[in-house]
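Heads up: the structure comes next, in structure tokens.
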Amino acid sequence: MSIDAQFSTFHPATGERFGEYPITSDEEVASAVARARAAAAWWSGLSFGQRRRILRSWNSLLIEHLDDAVELIVAESGKPRSDAQLEAALACEHVDWAARKAQFYLHAHHRSPGLLMANMSARVDRVPYGVVGVIGPWNYPIFTPMGSIAYALAAGNAVIFKPSEFTPAIGLWLAKTLNEIVPEHQLLQVVTGAGSVGASLIAHGVDKISFTGSTATAKKVAAACVERMIPFVLECGGKDPVLVDRDAQLERAAEHALWSGMSNAGQSCIGAERIYVHREVADRFIEILKTRANEIKAGVNYGAATRPAQLEIIKRHVDDASSHGQVIVGDSTSVGERFVEPVIVLNVPENAPSMREETFGPVLIVNTVNDMDEAVQKANDTPFGLAASVWSKRNGEKIAAQLHCGMVSINSVFTFAAMGSMPFGGVKDSGMGRIHGPEGLLEFTYPRSVVKPRFNLPLEFTSFKRTVFADKVITTLSRIRHK
Ligand code: NAD
């Protein structure tokens, strides 16, 4: 790699420099794509069983050295050790699921040829794209990209990963560990740098892009991909709602909504930002939420803000919400230089920027609603559609069915993300396509239809020798079938 240009990362909690990394040059990106293409040719030629064994060996190595991963995540993201441990362990869960299930979901499927083509056999193969470019964010630097990396590899692709410029260390560590298992093939390579290196990856002809990050960047990535006809998955931001019905278990609802909104310093794409609570239970719910929020502290229960520039957005949203609503926890001084203390504001108008834009900080806005129809209408009235959480003993399913988003957890938060079997992704400004689950495996392959005659019919349909009798047979069969 070229060392002409470098960039540094910093401990978010202290501002001290942590690491120095090369900005991968255009030429190096091109070479990485060429190496990945060679690796993909080898990898896609292996059987599902061979790929499974290699990926499971890699996963064992990851688990064995999990502490090393945790150190790197803590250093560059600023999150507490236990959060980094959970994140890394969940990433390994996905490697295991993808490795074990790829054969089941991606093996060739036979299809019915239909009456007119009854002499043919027909099947659909799932073909890996070749080289998948994964562009990642900084908030969950191992868990989030692994949702693409593991599934793309298990589906038979080679991967080039462009981690966030704030958290490259863990990406390089992942590539190093897989290289220990398969030293002779570059199955997973990492290119480092800011957005221009991500753009370079797209420009150098990868076969699919899996992007996770902000909606604004996603639009640029999508435009660049469309220009080159490269398919893409976009996992973007959210403004996730929590809906609390009058029959909800209020203690649990408040506790989990608080964790959803404030854990990881509020830097979770699927974290709660808006709460709609039924007016009959609003006072009690808000009281519990307030009490619990006053017991948690930045630097103890969650870490520093990873990306310094995000602090300005959080401050702007806290000021906006405070100017409209009633602040019950924290105030504008809660947004410090590196840490943000919990902030909870009540009764903020739906059209305020703090209610419509992603805050990505430990800030919750609680609005009271007359009924769950109003809660659903308000929850859906947003450009985003990532995840939602519904709290009700009796109406959870009914409310969930009306929400315009990719993931809903009833009487729980976040749990779908920990399940290998469940697709992860959003609608509207929250993105398109899916990672995780069978859908996540299918995402990294394309269908190839393959047909062949089992025996030849005396009637030729696909030939200039087609007879008038053959035409009659086709029209008669069609009339019988479709009248
Ligand atoms: P970001 O959009 O600033 O950057 C994401 C990645 O894109 C980085 O690696 C960046 O270097 C790269 N990039 C920037 N410009 C590019 C360009 N023109 N071409 C190619 N790549 C480019 O996002 P971020 O601040 O790193 O991450 C936070 C965002 O990610 C939040 O909005 C959060 O909600 C979202 N997120 C979504 C999910 C999900 O699965 N839906 C998961 C985690 C984070």
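Both ligands and their constituent atoms are indexed starting at 1 by order of listing. What you see is a predicted model; the values in this text were computed from it and never measured.
Summarising the geometry, atom CG belonging to L187 is positioned 11.5 Å from atom CD1 belonging to I160; distances are rounded to the nearest 0.5 Å.
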What are the atom names and distances for all N or O pairs under 3.5 Å between ligand 1 and the protein?
unit_1   : atom_1 : unit_2 : atom_2 : d
ligand 1 : 2 (O)  : S214   : N      : 2.9
ligand 1 : 2 (O)  : S214   : OG     : 2.6
ligand 1 : 2 (O)  : T217   : OG1    : 2.7
ligand 1 : 9 (O)  : G136   : O      : 2.7
ligand 1 : 9 (O)  : K162   : NZ     : 3.0
ligand 1 : 11 (O) : K162   : NZ     : 2.7
ligand 1 : 11 (O) : E165   : OE1    : 2.7
ligand 1 : 23 (O) : S214   : N      : 3.3
ligand 1 : 25 (O) : W138   : NE1    : 2.7
ligand 1 : 26 (O) : W138   : NE1    : 3.1
ligand 1 : 30 (O) : G213   : O      : 3.3
ligand 1 : 32 (O) : E358   : OE1    : 2.6
ligand 1 : 34 (O) : E358   : OE2    : 2.6
ligand 1 : 41 (N) : C236   : N      : 3.4
ligand 1 : 41 (N) : C236   : O      : 2.8

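No more than 12 heavy atoms of other residues, nucleotides or ligands lie within 6.0 Å of CD in E312, so this atom counts as exposed by the packing criterion.
Legend: side chain to side chain donor-acceptor pair (under 3.5 Å) pairs involving residues 423-433, not counting sequence neighbours: none detected. For the ring pair (Phe, Tyr, Trp, His ring centres under 6.0 Å) condition, no pair includes a residue of residues 306-327, sequence neighbours left out.
At a threshold of 4.5 Å between non-hydrogen side-chain atoms, the residues I365 and M355 count as touching.
With sequence neighbours excluded, the residues forming a salt bridge (charged side-chain N to carboxylate O under 4.0 Å, His left out) with E165 are K162, listed by chain and number.
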